Amino acid sequence: MALIRNQLFDILAEAVKPLFPSDEQDGSLESLIELDVPKQTQHGDYATNLALALSRRLKRNPREIAKQIEQQIKDPNNVIERIEIAGPGFMNFFIRPGAWTEVIAEIFQQSEAYGRQDLGQGKKVQVEFVSANPTGPLHIGHGRGAATGDVLARIFAACGYDVEREYYINDAGKQMDTLGRSLYYRYQELLGERIEFPEDHYRGEYMRDVAREFLKEAGERYHNAPLDDVLPVFTKYAGDHILAGIREDLEVFGVGFDIWFSERTLHEQDAIRKTLEALEASGHVYEGEGAKWFRSTQFGDEKDRVVVRANGISTYFAADLAYHKNKFDRGYDLVVDIWGADHHGYVPRMLAGVEALGRKRSDLQVILVQLVNLLRAGKPVAMSTRSGEFVTLREVIDEVGADAARYIFLTRRTDSHLDFDLDVAKMQSNDNPVYYVQYAHARLCSIFEVAKERGVSVDLSVAAPPELGLLQLPEERHLVKMLGELPWVVASSAQFLEPHRIPYYLHDLVSLFHSYYNRNRILGEEAELTRARLYLAHALRTVLQNALRLIGVKAPEKM
RNA sequence: GCGCCUGUAGCUCAGUUGGAUAGAGCAACGGACUUCUAAUCCGUAGGUCGCAGGUUCGAGUCCUGCCGGGCGCGCCA
């Protein structure tokens with residue numbers, strides 16, 4: 001049996017059809033159906049503005065339309081107790097109390113799979129995120145991107161998409177040479193040379209660490225070696241070493257990737273030249289002023305973009321065109337790029353590139369994650385990779401914990417700016433919203449522990465005991481209703497690419513539980529009621545675990 | 001100058017894509033532990049949703065203008 005929300009949706013989808021001639025009865029009708037959980041209980045368990053939405057199209061009074069839809073409603077499972085048509089034409093649905101217990105049975109049966117669904121039907125999705133240059137450690141902004149991409153990938157997977165996570169390594173280009181030289185200079189310094197370290201090189205303390213490591217491994221054999229001869233050695237060492245550190249930090253943060261894609265491989269396979277040739281053949285690349293240009297204005301960009309400079313060297317953007325061609329050639333139906341918002345000016349040309357490569361613009365979704373303001377006691381902390389004056393992601397995680405950091409990143413929309421105050425995050429560590437959620441889980445686990453100690457039979461082997469009807473308190477119905485919303489929350493997170501919906505859902509759900517817990521006893525005098533409530537508790541625990549897993553936060557059994 | 005993001009309670013942020021009486025956490029104040037975890041709960045207080053117009057049955061949400069904050073605007077990556 002389907003969840004109440006889904007049943008209502010299907011019922012409405014059927015009931016609305018007769019209002020239209022048969023040639024208009026397509027999927028567009030279903031997309032109009034929205035089921036709202038009203039804030040006011042007097043407005044029912046679910047409400048829809050369907051009649052209001054249709055009134056313009058049908059040019060009729062919305063209340064009349066609502067009445068007509070109501071007459072068409074068939075409710076074979078008898079989930080609807082009554083329907084009220086209210087205000088200008090809202091339809092408010094009151095669910096038969098007994099129907100809610102189906103939700104618990106559903107959760108019980110699906111268990112770990114509850115919340116998963118098959119919206120994606122196996123479509124291939126790639127989420128590319130972090131992709132920080134391997135020239136320095138990850139900072140807090142990368143952390144936000146990492147959390148966002150990681151959770152989005154988890155959400156897509158839960159929605160039945162075939163997801164791959166990818167990290168694009170910018171290991172070509174001149175910043176790598178700069179990195180190699182930075183290591184070279186620090187290395188020579190360690191060997192006692194006096195070096196005037198260039199302003200525009202990587203001055204961070206971490207480069208000294210890399211140099212010490214390098215010295216340990218390579219010894220002194222590069223002492224005063226001519227820079228040009230040995231630069232590749234230094235570049236490779238520094239790049240590999242820093243990338244290894246990045247991988248380690250991400251691992252600590254609970255973020256993993258399926259593919260680490262090296263930009264260098266594009267050059268090695270001549271992919272950039274091939275891509276440009278193809279684009280030239282299709283008329284999207286032309287020559288002018290000694291350079292080669294991509295005609296991005298044809299697809300709405302404000303000006304055309306250079307892909308090969310007058311000196312014959314291709315631009316970063318050219319590599320990115322080849323990279324995205326490579327992505328689509330790998331067969332992804334949808335590619336999601338997660339970028340720092342400071343790259344937003346780059347979006348129009350990339351979308352233009354996607355179209356020039358023969359794909360739909362919507363096949364690439366770019367999520368811009370707004371920058372993070374790192375604060376300490378309300379004061380901004382300077383962040384600059386070159387100067388080396390910054391707090392690394394690793395330091396933040398060590399200071400406030402991975403779960404708390406994740407939660408702070410995830411409880412805002414990606415397009416809103418984020419103030420991350422280390423002192424606040426630490427100071428509030430006991431009142432941190434993440435602990436509020438985790439605590440609920442620990443409490444639930446504790447209930448089952450105590451039940452076991454007291455010898456209360458917790459036979460959860462049967463999907464849905466008949467006594468669930470004993471759950472008659474309004475709070476219990478409210479809880480169950482909310483439990484039933486998880487799949488919808490997950491689906492909408494995927495649809496709108498908004499991971500923040502999950503933590504907000506968790507918070508609301510857990511708030512209901514804490515309140516319920518303080519007012520009522522799960523393990524009470526009456527055996528049957530206790531049993532019913534244990535089933536509710538079990539369902540709740542399942543939902544918490546599943547939702548926490550989606551955001552990559554631990555569900556501790558004890559706190 | 002142009003473009004993107006943003007402005008909601010003292011602070012940090014939600015607000016189901018246009019719905020009914022705008023919410024949460026922190027901070028403040030007052031209560032609740034002999035009970036399944038008080039990292040919890042209950043209550044009080046806190047708002048001209050930046051400002052001004054417009055669109056319509058209905059606007060925090062959409063359109064225009066203005067004001068403020070952030071970011072970007074290279075044959076750099």
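None of these values were measured; they are calculated from a predicted model. Residue numbers begin at 1 in each chain, while the letters A, B, ... track the order of the sequences.
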Measure distances between side-chain N and O atoms of A/His43 and base N and O atoms of B/rA20, and say whether any donor-acceptor pair falls under 3.5 Å. yes
Quick one: which of A/Asp421, A/Val391, A/Asp419, A/Leu418 gives a side-chain contact (heavy atoms from CB on, under 4.5 Å) with A/Leu374? A/Val391
Assess the side chains of A/Arg412 and A/Gln370: does a donor N or O sit below 3.5 Å from an acceptor N or O? no
Classify the nucleic acid contact of A/Glu485 as base, sugar-phosphate or nothing, counting any heavy atom under 4.0 Å across all strands shown. nothing
Would you indicate, yes or no, if B/rA39 has its OP1 or OP2 atom less than 4.0 angstrom from a side-chain nitrogen or oxygen of A/Tyr439? yes
Indicate, with yes or no, if the rings of A/Phe420 and A/Phe409 have centres closer together than 6.0 Å. yes
Categorize A/Lys174 for me: base, sugar-phosphate, or nothing, with a 4.0 angstrom heavy-atom threshold over every strand shown. sugar-phosphate
What is the base-pairing partner of B/rG53, counting Watson-Crick and G-U wobble geometry with both distances under 3.5 Å? B/rC63
If B/rA39 has a Watson-Crick or G-U wobble mate with both distances under 3.5 Å, name it; if not, just say none. none
Nucleotide by nucleotide, nucleotides 2-7 of chain B touches protein heavy atoms under 4.0 Å in the pattern (B base, S sugar-phosphate only, - none) -BBBS-
Using a 4.0 Å heavy-atom cut-off across all strands, classify A/Phe496 as base, sugar-phosphate, or nothing. base
Categorize A/Gln495 for me: base, sugar-phosphate, or nothing, with a 4.0 angstrom heavy-atom threshold over every strand shown. nothing
Go through residues 512-523 of chain A and report each residue with a non-hydrogen atom lying under 4.0 Å from RNA chain B, sorted by number. A/His514, A/Ser515, A/Tyr517, A/Asn518, A/Asn520, A/Arg521, A/Ile522, A/Leu523
What's A/Ala172 touching, base or sugar-phosphate or nothing? Going by heavy atoms closer than 4.0 Å. sugar-phosphate
Touch check for A/Asp177, heavy atoms < 4.0 angstrom, all strands: base, sugar-phosphate only, or nothing? nothing
Checking all strands, does A/Phe90 fall into the base, sugar-phosphate, or nothing category for heavy-atom contacts under 4.0 angstrom? base
Compute the centroid of each ring, for A/His478 and then for A/Tyr516, and state whether the two points are separated by less than 6.0 Å. no
Determine the contact category for A/Val308: base if any of its heavy atoms lies under 4.0 Å from a base atom, sugar-phosphate if only primed atoms, P, OP1 or OP2 are that close, otherwise nothing. nothing
B/rC4: pairing nucleotide in any strand, Watson-Crick or G-U under 3.5 angstrom: B/rG70
Check nucleotides 56-58 of chain B for protein N or O atoms closer than 3.5 Å to its own N or O atoms and list the pairs.
{"residue": "B/rC57", "atom": "N4", "partner": "A/Arg56", "partner atom": "NH2", "Å": "3.4"}
{"residue": "B/rG58", "atom": "O6", "partner": "A/Arg56", "partner atom": "NH2", "Å": "2.8"}

Strictly by Watson-Crick or wobble contacts shorter than 3.5 Å, is anything paired with B/rA28, and which nucleotide is it? B/rU44
Could you tell me if A/Arg82 sits above the aromatic ring of A/Phe94, with its cationic atom closer than 6.0 Å to the ring centre and no more than 45 degrees from the axis? yes
Need one value for A/Thr411: base, sugar-phosphate or nothing, where a base atom within 4.0 Å counts as base even if backbone is also close, heavy atoms only. sugar-phosphate
What's A/Asn311 touching, base or sugar-phosphate or nothing? Going by heavy atoms closer than 4.0 Å. nothing
Could you check whether A/Asn170 gets within reach of a base, just the sugar-phosphate, or nothing at all, counting any heavy atom under 4.0 Å? nothing
